[in-house]
> 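Pasting a structure below so you can have a look.
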Amino acid sequence: MAGSAHGHTPAAWTGVIISFIGFCIAGVFMVAANLPGFWAGVGVIVLGGIVGGGMKIAGLGMPKDSDAVVAAREAASETARARA
């Protein structure tokens with residue numbers, strides 16, 4: 001599995017970590033019955049998505065496969081199915 005890519009990119013990690021911090025903030029302030037703090041946490045969650053998306057656009061996300069890679073993958077899948 002070391003050679004496979006499952007979306008573990010800097011953009012994904014950064015977006016998830018920022019969003020997780022936002023969930024923690026929103027959860028603490030929800031329990032504390034502090035509405036402005038809760039909405040600040042929700043804002044941090046949205047910020048995580050924006051930052052992750054911006055980093056993906058900047059090239060730090062998962063690269064898209066070329067047409068040659070897609071064709072080779074489909075050919076290998078067909079060969080594997082034919083052998084089974």
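Values reported hereafter were calculated over all heavy atoms of this structure, with side chains retained and with hydrogens, waters and symmetry mates removed.
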> Specify the closest pair of heavy atoms between F38 and F29, including all atoms of both residues, with the distance to one decimal.
N-CB, 3.4 Å
> Taking all non-hydrogen atoms of both residues into account, name the closest pair between G48 and I18 and its distance.
CA-CG2, 3.4 Å
> Grouping I, L, V, M, F, W and Y whenever their side-chain heavy atoms are under 4.5 Å apart, do V51 and I21 come out in a common cluster?
yes
> Would a single hydrophobic cluster contain both M30 and W39, if residues Ile, Leu, Val, Met, Phe, Trp and Tyr are joined by side-chain heavy-atom contacts under 4.5 Å?
yes
> Are L47 and I25 connected in the hydrophobic side-chain network, where two residues link if heavy atoms are under 4.5 Å apart?
yes
> Can you hop from M55 to V46 via hydrophobic side chains spaced under 4.5 Å?
no
> How close do G49 and S19 get, counting heavy atoms only, and between which atoms?
N-OG, 4.0 Å
> Are V42 and L35 grouped together when hydrophobic residues (ILVMFWY) are joined by side-chain heavy atoms under 4.5 angstrom apart?
yes
> Grab the two heavy atoms, one from L60 and one from P10, that are nearest each other, plus how far apart they are.
O-CD, 3.4 Å
